[in-house]
Amino acid sequence: MYKEEELNYAYDTLEPYIDTHTLALHHDKHYLTYLNNLNEILLKNHFKLSVPKEEIIYHLDLFSATDIENLLFNLGGVINHEMYFSNLGRACNKPKGELLIQIERTFGSYEQFQKKFKEKAMKLKGSGYTYLVMNGKKELSIINLPNQEFPFLYDLKPLLVVDMWEHAYYIHYENRKHDYLDSIFAILNYEEIEKRWETT
Ligand SMILES: [Fe+2]
């Protein structure tokens, strides 16, 4: 059984970029539903290993074949949301150090990276997420994944994730997806993103 990861900031911290109502609904309803569903599936399949959530995918043989699709969907819902909420905040919204160097090496500059990230996110069809990921050699790339897939399924480590499901932005931004993306770059918590970069 996995416990709720609480927000490490108040519901109104991200105003005016992410409004209080959207954030509260997103965390307390959408995320918690995925977590409850995940725990139900684990219970039903008598899964008792205490492993980090992203390692559950190495133990799929412990689950009934008919539950795997549902397990992966809800597991992704939990992993993606926990990463998303924790890579937002007001701590530090510019990368520095080794990560900044690697971003500049890969994309030309931090500004170019932001532009490419937004372009990629705008190309996502339907619901899903846009990520900055790294492979085992710490090479960076920007990818889109549909629904609740997550980069660990493809042996990639997520550094930054943006929720592109409509529930993440629609109440405030309606169909102005590009404005939502602009706002995200004002509230990224690079202290958290750098931690992910450093712990390989
Ligand atoms: Fe979401």
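Both ligands and their constituent atoms are indexed starting at 1 by order of listing. Source: prediction; values computed, not measured.
Among the atoms of H81, an N, O or S atom is found under 2.8 Å from the Fe ion (ligand 1).
Between H21 and H172, the ring center distance fails the sub-6.0 Å criterion.
The name of the N, O or S atom in D163 nearest to the Fe ion (ligand 1) is OD2.
A donor and an acceptor atom, one from each side chain of Q148 and Y129, are located under 3.5 Å apart.
Centred on the Fe ion (ligand 1), the NE2 atom of H26 and the NE2 atom of H167 lie at an angle of 100°, reported to 10°.
Both L160 and M122 belong to a common hydrophobic cluster when Ile, Leu, Val, Met, Phe, Trp and Tyr are linked at side-chain heavy-atom distances under 4.5 angstrom.
Salt bridge absent: K123 and E119 never bring a charged side-chain N and a carboxylate O closer than 4.0 Å.
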